[in-house]
Amino acid sequence: MSLIIDGRHVVWRIRERMSTAGIKSASELHRRLKRVDAQSVNFAQFARFVDEPPARINLRTLLGVAVVLDCGIGDLVGVSPAVINERRK
């Protein structure tokens with residue numbers, strides 16, 4: 001599901017940051033997350049979270065991922081520039 005508001009969408013950079021950190025799989029990232037936050041989400045929920053932005057974000061999980069990947073939350077998620085819709089001109 002792609003959330004678009006006024007021509008902008010969520011830019012999800014989890015996989016990009018995982019690559020930078022040398023983490024190759026969602027299961028490896030989840031294991032590391034469990035080490036820093038034992039209360040984090042289960043793997044089934046987490047696997048979906050890695051590949052596409054969820055409709056709702058658990059800030060605890062997002063913060064835990066930022067800690068594991070040694071980055072800020074803004075490094076993990078952003079907002080695209082507005083795309084001009086031809087019909088709106």
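No donor-acceptor distance shorter than 3.5 angstrom exists from the side chain of Ser80 to the backbone of Val11, with no hydrogens or angles considered. Although no hydrogens or angles enter the test, the distance criterion places a donor-acceptor pair under 3.5 Å between the side chain of Thr20 and the main chain of Glu16.
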Output, in order, the C-alpha distance, side-chain angles, deciding distance and verdict of side-chain contact (heavy atoms from CB on, under 4.5 Å) for Arg13 and Leu76. CA-CA 5 Å; Arg13 299 186 198 100; Leu76 301 174; 5.5 Å; no

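In this structure, Leu62 CG and Ser40 OG are separated by 12.5 Å, a value rounded to the nearest 0.5 Å. In this structure, CG in Leu63 is found 8.5 Å from CG in Asp37, a value given to the nearest 0.5 Å.
More than 12 heavy atoms of other shown residues, nucleotides or ligands fall within 6.0 angstrom of atom CG in Asp51.
Shortest non-hydrogen contact noted between Ile23 and Leu29 is CG2-N, 3.7 Å. Across all their heavy atoms, Met18 and Ala26 have their closest contact at CE-N, 3.9 Å. When all heavy atoms are compared, the tightest approach of Trp12 to Phe49 is NE1-O, 2.7 Å. Nearest heavy atom pair, residue Glu28 against residue Lys24, reads OE1-N, 3.5 Å.
Residues Arg32 and Val36 fail the side-chain proximity criterion, which asks for heavy atoms closer than 4.5 Å.
Cluster membership for Phe43 and Val41, using ILVMFWY side-chain heavy atoms within less than 4.5 angstrom, is not shared.
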